[in-house]
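Structure, as structure tokens:
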Amino acid sequence: MQLMLILDQTVVNVALPSVGADLGFSETGLAWVVNGYAITFGGLLLFGGRLADRVGRRTVFLVGLLLFAAASAAAGMAGSIGFLIGARLVQGVGAALVSPAALSIIALLFADPTERGKALAVWGGLSGIGGTVGVIASGVLTDFASWRWIFLINLPIAVVALVLAPRLIDESRAPGRTALDPLGALLGTGGISLLVFALLNQAGHGADADWTDVRTILELTGGLALLLAFTVRQRFAAQPLMPHGFLAVRSRWLAALLGAMTAAVLAAIFFMLSLYMGAVLHYSPLRTGLCYLPLAVAMLLSVWVANPLLQRFGPRVVGTAGFLLAGTGLLWLSTIGTADRYVSDLLPGTVLFALGAGPVFVSITMAGIAQVSERDAGIASGLLNAAQQVGSALGLAALVLAALNRADSRALAGEGLSQAAVDGYRFGLYLAALIMFAAAIVAGMLLSLVGHASDAGDDRVTENARQSPK
């Protein structure tokens, strides 16, 4: 299911021209087909996680899955702009219920640390692979069938999960009475949604983005203000959405930070490389999608070997090495040119990036979820996923904008359009490599081994904070 949820964030990218031609979408409308899903998915993850803790993880998983499947069917049959965008918004709501509930079920289902590590390794790897599979599937389905199948393909997967989940998964919820904190949920959801909306909206304008626009400033300021109010609310509420002391555990906030950095890079490079292959190398949607196949295979292999490495060396060593390898791959990609040299330029760089990114996603998931208590499994899952959603929006807004601005400046200096575009993509990929190297430094310095003394008492820290007088 996680593969399907992440896949649906990128599966529409290659198909957008076909969607626009069929339904008469403007560029703004097409951007909303992508962004609508991301906004509701990212904005509601914290609330979805806590709802799963309170109501029941299997129940929330099944409700979210039904909602996601119904919205997928609606999107596949959409006959107008508004209908498709509305369906994508509802898809995001369903995904925000399914994702944290599913991850918390996995974290609690496997009591043995080794088995839990294997399960979390698969989950973390799927988070990275999903985006790649989405781009490949988009090209194949658009060329051989119709763009509508990028949504309808979700239905058989959802039906199988709906049939099997009640038989294989027992209901679980947090012990005692876990508060939903409606005000905290509203503040957190509103803040994340506004930030993601503002960032993705500016990213959609490309080099024409105007960060001094009054509306954008109000959106960003409003989002930050709501998140500040959320923080204050969590500090002083008797039963907050995010438990007192929850972020006192270093591995939790650090996993969220590193997850945001990784998601930012992943979203940006998919966008830039797809534009590069389509606009500069003139690849078809199918060929563009298939060019990502080695990346997907490499990531699968790296995820497979990541778990035994994690068991032996821990997230700090494996995560740091993964960030360094991913950054090296991005440096290789930053040497692309106007000539079609897939084998020498694109293939080695994407494979190196994938070999590093797989262990990174696994390490982040392991560090953020592995030691969470039964009471807070849902909120921990929601936090990790929400951080990655915000990171994706930041990556698209910042890295893509930097690349497009560099391309515009080179074109104004007299370079040909193709060469100017390539210069922009090179610059964006170089910045992405720097983010990966910075993440390697942070992980090497701060990311503790799972079970290390600094985090071994994480549940006691949280529980003591809950019981401490205000």
| request: Kindly indicate, with the supporting measurements, whether the criterion side-chain contact (heavy atoms from CB on, under 4.5 Å) is fulfilled by Arg57 and Phe61. | output: CA-CA 6 Å; Arg57 290 151 190 136; Phe61 174 82; over 6 Å; no
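- Of the inter-residue distances, the one linking Leu195 atom CG with Leu224 atom CG reads 5.0 Å to the nearest 0.5 angstrom.
- No side-chain heavy atom of Phe323 sits less than 4.5 Å from a side-chain heavy atom of Val265.
- Closest heavy-atom contact between Arg58 and Glu171: N-OE1, 2.9 Å.
- In this structure, Arg235 and Thr231 have side chains that are not in contact, with every pair of non-hydrogen atoms separated by 4.5 Å or more.
- Side-chain atoms of Ser99 do not come within 3.5 Å of backbone N or O of Ala95 as any donor-acceptor pair.
- No side-chain donor-acceptor contact under 3.5 Å links Arg406 to the backbone of Gly428.
- The two residues Met261 and Met436 make their nearest non-hydrogen contact at O-CE, 3.9 Å.
- Taking CZ of Arg148 as the start and OG of Ser72 as the end, the distance is 14.0 Å to the nearest 0.5 Å.
- Side-chain atoms of Leu183 and Leu187, non-hydrogen and from C-beta on, do get closer than 4.5 Å to each other.
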| request: Would you sort out whether Thr262 and Gln388 count as a side chain to side chain donor-acceptor pair (under 3.5 Å), showing the intermediate values? | output: CA-CA 8 Å; Thr262 307; Gln388 292 179 8; over 6 Å; no
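- When every heavy atom of Pro100 is checked against every heavy atom of Gly48, the shortest pair comes out as CG-C, 3.9 Å.
- Side-chain contact between Thr328 and Phe437 is present, with heavy atoms from C-beta onward closer than 4.5 Å.
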| said: Please evaluate residues Val360 and Leu258 with respect to the criterion side-chain contact (heavy atoms from CB on, under 4.5 Å), reporting the C-alpha separation (whole Å), side-chain torsions for both, the decisive distance (0.1 Å), and the verdict. | reply: CA-CA 9 Å; Val360 161; Leu258 294 174; over 6 Å; no
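- Between Leu23 and Trp147, the closest side-chain pair of non-hydrogen atoms falls below 4.5 Å.
- Remark: side-chain polar atoms of Ser334 are not paired, donor with acceptor, to backbone N or O of Leu429 under 3.5 angstrom.
- When side chains are defined from C-beta on, Leu300 does not count as touching Trp304, because their heavy atoms never get closer than 4.5 Å.
- To the nearest 0.5 angstrom, Phe353 atom CZ is 7.0 Å from Leu295 atom CG.
- Contact record, Leu383 with Ala256: CG-CB, 4.4 Å, taken as the closest heavy-atom pair.
- If you take CG on Asn405 and CG on Leu401, they are separated by 4.5 Å, rounding to the nearest 0.5 Å.
- Side-chain contact check for Gln91 versus Phe151: some heavy-atom pair is nearer than 4.5 Å.
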| request: Take Leu273 and Tyr292 through the side-chain contact (heavy atoms from CB on, under 4.5 Å) test and state the conclusion after the steps. | output: CA-CA 10 Å; Leu273 289 181; Tyr292 286 109; 3.4 Å; yes
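- The side-chain heavy atoms of Leu310 and Pro315, taken from C-beta on, include a pair separated by under 4.5 Å.
- Distance check, rounded to the nearest 0.5 Å: OH of Tyr37 to CZ of Phe68 gives 4.5 Å.
- Summarising the geometry of Leu155 relative to Ala69, their closest heavy-atom pair is CD2-O, 3.2 Å, with the distance given to 0.1 Å.
- Considering every non-hydrogen atom in both Arg316 and Met445, the closest pair reads NH2-O, 4.1 Å.
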| task | Test Leu218 against Val214 for side-chain contact (heavy atoms from CB on, under 4.5 Å), laying out the working first. | result | CA-CA 6 Å; Leu218 289 175; Val214 174; 4.0 Å; yes
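- In this structure, CD1 in Ile364 is found 9.0 Å from CG in Leu257, a value given to the nearest 0.5 Å.
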